[in-house]
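Everything on this sheet refers to the single structure shown next.
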Amino acid sequence: MPSTYFYGFSDDVLEVVLHEPKSGLVPEALVQDIWLNRRITRRGLSTTDGTSLEVLYPGRLNTDAGPDFLGARLRMGPTLWNGAVEIHVTSGSWLDHRHGDDPRYNATVLHVTLYADMWTGRLRRADGSTLPELVLYPLLEERLRSLLRAFYLRTEQRIYCAGGWDRVPDAVRARYLRELAMERTVSRSRRFASGDAHQVFYEATFAGLGYAKNAQAMRTLAQTVPLEACRTVSESADIEALYLGCSGLLPQPAALLEADRATADYVMELHDRFDRLRHRLALTAMPASSWRFFRLRPANFPPLRIAQAAALLRPDGLPREDPMPRLSAAARVREPLAALRAVFDVRLDPFWDEHFRLEKRTTPHSSRIGRQRIDALLINVVVPALLALARQAGEDDEACWRLLEQLPAGSDEVTRLFDALGTRPGTAVDSQGLHQLYRTRCSQARCLSCRIGEEVLARIPRDT
């Protein structure tokens, strides 16, 4: 609704009429920000068809292809929904972007639009089902132009104590980061102490191989083919066919028309093996749309990662038969890091030395699991498993911490934030501590629950 203001200049009076911004001037990122931070009325929400709506968790922002928010928890009417949320400025953008033809958006439980238009309440998913919608504009807690101005003038301050970071003694930071690394590892170890530790290790290994973008899909694959089902398959080629088939990524013959003969023969052999196995084991394949290739290096493409996971599950592979005693034994040798790395250094069929995908041959490359990925598996899966094993047996867990100190620090978007402050992690203890610091303190603005935050506040000069 426009607002009218009158300004006087000497004997002249100027009438100014302010309107809310038009939809073309509003970036979709602002609408995402409004949804994420819930800058709307929270009571009495309802979808466009009148169904009551309660936002329990808006989801996590997806920076890859697919819906804008993943893992949202919503109560619509009496039903609790977990799924994706897609955000647009207008409802028609759902059609403009052809989301209604894309199976990846079938998991979208709510479409959120800033403005209603002729398509509002009429959207459908690719499977033909009606998509519930929420219109934000009538619910805004502030005028849109104020939100828009704040959005464009915002400054990105992801670490609130950045200005005082260098005033904290190095010894204090190092000691606290070690405590946080232990906190993070202990938290991860608890999953091995409940339920089937072997299945937990198996799923965690798959998720670790999936890299960030396909971690959940790899975990789902490990759940689709339970460890007990894998143990009934003894031939290496059958194991590879089992996982590639259940992933839904085996190309159909029509997709192999331009493939060379060796590639086509290999894939068709996988098809034959999988057809026999799925009937015997009563397994179904995942949708191919579960997997992401967008903005991935070829070495992280899902088919190669799945083949690497299958290689780990050969009859003598670590995750297949009671991995805990083998892990414990490897951790007690003279050079445990080398021994544990060797466990994950598996060879694949020579086919994978010239393939990242199953449809076409590429230039020769190494198909082995890279050193950085192996080290990430050791940090995120093996060390927590060893810690749980030691504590269950009432044994000294110092070997776990020594192993973490020997592993190199990784470099990612979190550690690079602290690089800019002059703190570069040297070992996995440092990088794990920084991750725990950022994710459980900095990102939640819990400065008063943080040793470093307390030090910064205590060293702020005060007027006398």
Side-chain angles (χ1 to χ4, degrees), residues 29 33 36-37 60-61 63-64 150-189 208 211-213 215 295 297 300 337 341 370-384 387 398 400-464:
D33 186 69
L36 179 62
N37 295 296
R60 64 185 185 279
L61 185 63
T63 58
D64 198 17
F151 177 79
Y152 279 118
L153 294 179
R154 73 194 189 284
T155 56
E156 199 70 28
Q157 184 72 27
R158 302 179 72 179
I159 300 176
Y160 293 99
C161 66
W165 182 266
D166 59 354
R167 293 199 293 268
V168 180
D170 291 343
V172 172
R173 280 202 304 263
R175 187 164 55 249
Y176 189 49
L177 289 179
R178 180 176 176 82
E179 289 178 19
L180 290 175
M182 295 176 70
E183 177 181 288
R184 182 176 174 86
T185 307
V186 168
S187 176
R188 286 178 165 172
S189 73
Y211 202 63
K213 294 186 178 181
R295 290 181 181 168
R297 292 171 50 243
N300 290 320
L337 181 55
R341 280 172 170 165
R371 172 63 63 83
Q372 288 186 340
R373 184 53 31 189
I374 290 176
D375 285 351
L377 288 170
L378 296 182
I379 293 168
N380 299 318
V381 183
V382 173
V383 172
L387 182 62
E398 188 58 32
C400 300
W401 308 119
R402 285 199 301 270
L403 184 60
L404 209 55
E405 288 170 344
Q406 293 175 34
L407 284 159
S411 176
D412 53 42
E413 61 179 2
V414 171
T415 60
R416 285 192 287 272
L417 289 174
F418 295 95
D419 280 351
L421 301 181
T423 298
R424 177 163 296 183
T427 70
V429 171
D430 302 327
S431 58
Q432 291 298 290
L434 290 173
H435 268 267
Q436 190 73 353
L437 173 65
Y438 179 73
R439 298 191 186 284
T440 65
R441 273 75 167 178
C442 302
S443 65
Q444 299 178 26
R446 293 178 57 205
C447 303
L448 298 179
S449 302
C450 171
R451 189 94 30 91
I452 293 174
E454 291 172 354
E455 286 279 342
V456 170
L457 291 172
R459 293 168 188 275
I460 294 176
R462 289 173 170 79
D463 295 333
T464 57

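Across Ser431 and Pro425, no two heavy atoms sit closer than the pair N-CB, 3.7 Å. Considering all non-hydrogen atoms of both residues, Val429 and Ala181 come closest at O-CB, 3.3 Å. When every heavy atom of Ile379 is checked against every heavy atom of Pro384, the shortest pair comes out as O-CD, 3.3 Å. Here the closest non-hydrogen pair linking Val456 and Cys161 is CG2-CB, 3.9 Å.
To the nearest 0.5 Å, atom CZ of residue Arg188 and atom CD of residue Gln436 are 8.5 Å apart.
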* **Worked verdict on Tyr438 versus Thr415 for side-chain contact (heavy atoms from CB on, under 4.5 Å)** => CA-CA 9 Å; Tyr438 179 73; Thr415 60; over 6 Å; no
* Asked: Given the rule in the side-chain contact (heavy atoms from CB on, under 4.5 Å) test, do Arg184 and Leu180 qualify, once you have shown the distances and angles that lead to the verdict?
  -> CA-CA 6 Å; Arg184 182 176 174 86; Leu180 290 175; over 6 Å; no
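Screening residues 405-437 for ring-ring contact (aromatic ring centres under 6.0 Å, His included) gives Trp165-Phe418 as the qualifying pairs, with residues at least two apart or on separate chains.
Arg373 meets the salt bridge (Lys or Arg N to Asp or Glu O under 4.0 Å) test with no other residue; sequence neighbours excluded. Checked against salt bridge (Lys or Arg N to Asp or Glu O under 4.0 Å), Asp419 has the following partners two or more places apart in sequence or in another chain: Arg424.
In this structure, Glu413 places its CD atom where only 12 or fewer heavy-atom neighbours from other residues, nucleotides or ligands lie under 6.0 Å away. Heavy atoms from other residues, nucleotides or ligands lying under 6.0 Å from CD of Gln372 number 12 at most.
The shortest side-chain heavy-atom distance between Asn380 and Gln432 falls under the 4.5 Å cut-off.
Using a distance-only test at 3.5 Å, with no hydrogens or angles considered, no donor-acceptor pair links the side chain of Arg173 to the main chain of Ile452. No side-chain donor-acceptor contact under 3.5 Å links Thr427 to the backbone of Gln406.
A salt bridge links Arg441 to Glu183: at least one charged side-chain nitrogen sits closer than 4.0 Å to a carboxylate oxygen.
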